[in-house]
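Protein chains get the first letters and strands the later ones, always in sequence-line order, with residue 1 at the start of each. Only a predicted model underlies this, so the values are computations on that prediction, with no experimental measurement involved.
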2 protein chains.
Amino acid sequence: MKTRKAEAARRLQEVEDRFVDLWDTMSSLWGISPTMARIHGVLYITGAALSMDDIMARLAISRGNVSMNLSKLVEWGLVRRVHKRGDRRDYYESLSDVWEMFTLVASQRKRREIDPILSTLRRCRDELSADGLGDEKAEPSTQQRIRRVNDLLEFLTLMENLAHRFFEGDHGLKTAVGLLAEKS
Amino acid sequence: MKTRKAEAARRLQEVEDRFVDLWDTMSSLWGISPTMARIHGVLYITGAALSMDDIMARLAISRGNVSMNLSKLVEWGLVRRVHKRGDRRDYYESLSDVWEMFTLVASQRKRREIDPILSTLRRCRDELSADGLGDEKAEPSTQQRIRRVNDLLEFLTLMENLAHRFFEGDHGLKTAVGLLAEKS
DNA sequence: TACACCTTTCAGGAACCTATGAAATTCTAG
DNA sequence: CTAGAATTTCATAGGTTCCTGAAAGGTGTA
């Protein structure tokens, strides 16, 4: 009986390890660092509040590393600090709702990475237009550049609208996307 | 007159430079390397077929670097090799349709990065379920893990359906997304 | 206040990724 | 077939990011 339980635990751990590796793999997709992802992976899959030492042991990484990455995770809002009565250590637990995690990460990346891109792109367009129009009906090559920048802007603006529904419209997206996906 | 033209050209180049930098910035978002993105940026914004030497000069990067990254761009399908009569050099030009570029990159990333993730995730689920059911009605902790893996799978599957409409449904996505965005 | 226990910070080093430039290869014209 | 031009490959250098472990910083208890 004991051996069967031990065996089960071992296999559970194996699956967990694979899951954490998966999280690691996904990290580049989500734009967070691999170790940060691994830590979050452990917290998500176990569904428990773990201490720094738990995580250090589980992933075999240093204290400093865990500390840094945990604080980043808390900053992102993916992980919460929790306390246990009579224990001075901090414990950490992950959000459980996948949609919430997704929108959190995506909206922050949008703000940090996409919004600045859009504004420089708009500046490009404006300067090109100004130059182009000022200069004897614009050289054909300038016209072409203006067209290309506009195409790109049009595309990104569309994407932005879509993103807006995702991140701002309190889960209106969830249904919208669900409908869209099911209709196929 | 000459100076005005020269002045205009200078300014055009400035805007182009900013555009190329922008492409560079976006590269992490699209999952391609920065230099690859810069090269593609030049090709896209100029809209012309350029030789390797043109690109080397424009971006001040080495021949080998240009060669490697151009061949990757051709592999991705973002850039086409073209020939000019009476010129032994190869010339390269970018796709012009933003949607086409987007779907090209996205569908390839999906195939390379997301599909493998989905299949390992499914393996995780199956193994967890097998273990969980085998073991006297499953420990609560195992049940929780199964639930979490399933939540994630559900989410990703939804996303996959959505992606399917994007990449396989010959531009059906374009209208779908357009509608979705405008409706807001 | 001093101690014990955690957590955070940070300099140094390891690992990883990318660019260079010269050598090797391929290609074309004569 | 050869010469010369164009391209590709690849070992090495250079740069960047990431991790570690030790020291410093907080916080609650005696």
Side-chain angles (χ1 to χ4, degrees), chain A residues 20-21 23-43 49-76 78-93 109 112-113, chain B residues 20-21 23-43 49-76 78-93 109 112-113:
Chain A
V20 172
D21 282 350
W23 224 243
D24 184 325
T25 307
M26 284 208 283
S27 64
S28 67
L29 233 61
W30 293 65
I32 65 183
S33 83
T35 307
M36 204 168 136
R38 292 169 66 80
I39 294 175
H40 181 249
V42 170
L43 291 172
L50 303 180
S51 70
M52 260 179 48
D53 297 81
D54 295 334
I55 298 169
M56 284 170 61
R58 190 71 180 72
L59 298 177
I61 55 185
S62 73
R63 187 174 297 282
N65 200 357
V66 173
S67 171
M68 301 280 249
N69 281 297
L70 270 177
S71 68
K72 272 192 231 160
L73 280 168
V74 171
E75 240 175 61
W76 280 77
L78 289 170
V79 164
R80 255 193 299 276
R81 207 174 247 120
V82 297
H83 295 281
K84 291 191 178 177
R85 295 195 304 134
D87 193 333
R88 279 167 63 177
R89 277 175 298 183
D90 290 342
Y91 287 78
Y92 299 85
E93 76 181 1
R109 289 196 76 193
R112 291 184 207 179
E113 300 177 30
Chain B
V20 172
D21 282 350
W23 224 243
D24 184 326
T25 308
M26 283 208 283
S27 64
S28 67
L29 233 62
W30 293 65
I32 66 183
S33 82
T35 308
M36 203 167 136
R38 292 169 67 79
I39 294 176
H40 181 249
V42 171
L43 292 172
L50 303 180
S51 70
M52 260 178 52
D53 297 80
D54 294 334
I55 297 169
M56 285 170 61
R58 191 69 181 73
L59 298 177
I61 55 184
S62 72
R63 188 174 296 284
N65 199 357
V66 173
S67 171
M68 301 277 250
N69 281 297
L70 271 177
S71 67
K72 272 192 229 159
L73 280 168
V74 171
E75 237 175 63
W76 279 78
L78 289 170
V79 163
R80 254 193 298 277
R81 214 178 290 255
V82 297
H83 295 281
K84 291 190 178 176
R85 296 193 304 132
D87 192 333
R88 280 167 61 174
R89 278 175 298 183
D90 289 343
Y91 287 78
Y92 298 85
E93 77 181 0
R109 289 196 77 195
R112 291 182 206 180
E113 300 176 31

Spacing of [X] atom [atom1] relative to [N] atom [atom2], expressed in whole Å:
X	N	atom1	atom2	value
A:D87	D:dG28	CG	P	14 Å
A:H83	D:dG28	NE2	C1'	13 Å
B:I55	C:dA19	CD1	C1'	16 Å
B:R63	D:dT9	CZ	P	15 Å
A:I61	C:dT7	CD1	P	14 Å
B:R89	D:dG4	CZ	P	19 Å
B:N69	C:dA19	CG	P	6 Å
B:M36	C:dC17	CE	P	16 Å

Nearest to the side chain of [X] - [options]?
X	options	result
B:N65	D:dT7, C:dT20, C:dT7	C:dT20
B:S67	D:dT8, C:dT18, C:dT7	D:dT8
B:T35	C:dT7, C:dT18, C:dT20	C:dT18
A:D53	C:dG21, D:dG21, C:dT7	C:dT7

Gap between atom [atom2] of [Y] and atom [atom1] of [X] - 0.5 Å precision:
X	Y	atom1	atom2	result
A:Y92	A:L73	OH	CG	10.0 Å
B:I32	B:D24	CD1	CG	9.5 Å
B:K84	B:R89	NZ	CZ	8.5 Å

### Task
Taking B:D54 for its side chain and B:S51 for its backbone only, find out whether a donor-acceptor pair lies under 3.5 Å.
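At least one qualifying donor-acceptor pair exists.
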
#### Entry: A:L70 side chain near A:M52 side chain, heavy-atom distance below 4.5 Å
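Result yes, sub-4.5 Å side-chain heavy-atom pair found.
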
### Message
Using heavy-atom distances to pick each residue's nearest nucleotide on DNA chain D, tell me which of A:R88 and A:A60 is more 5'.
### Response
A:A60

### Query
Has A:R81 got a side-chain N or O lying under 4.0 Å from the OP1 or OP2 atom of C:dT8?
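So the side-chain polar atoms of A:R81 do come within 4.0 Å of the phosphate oxygens OP1 or OP2 of C:dT8, strictly under.
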
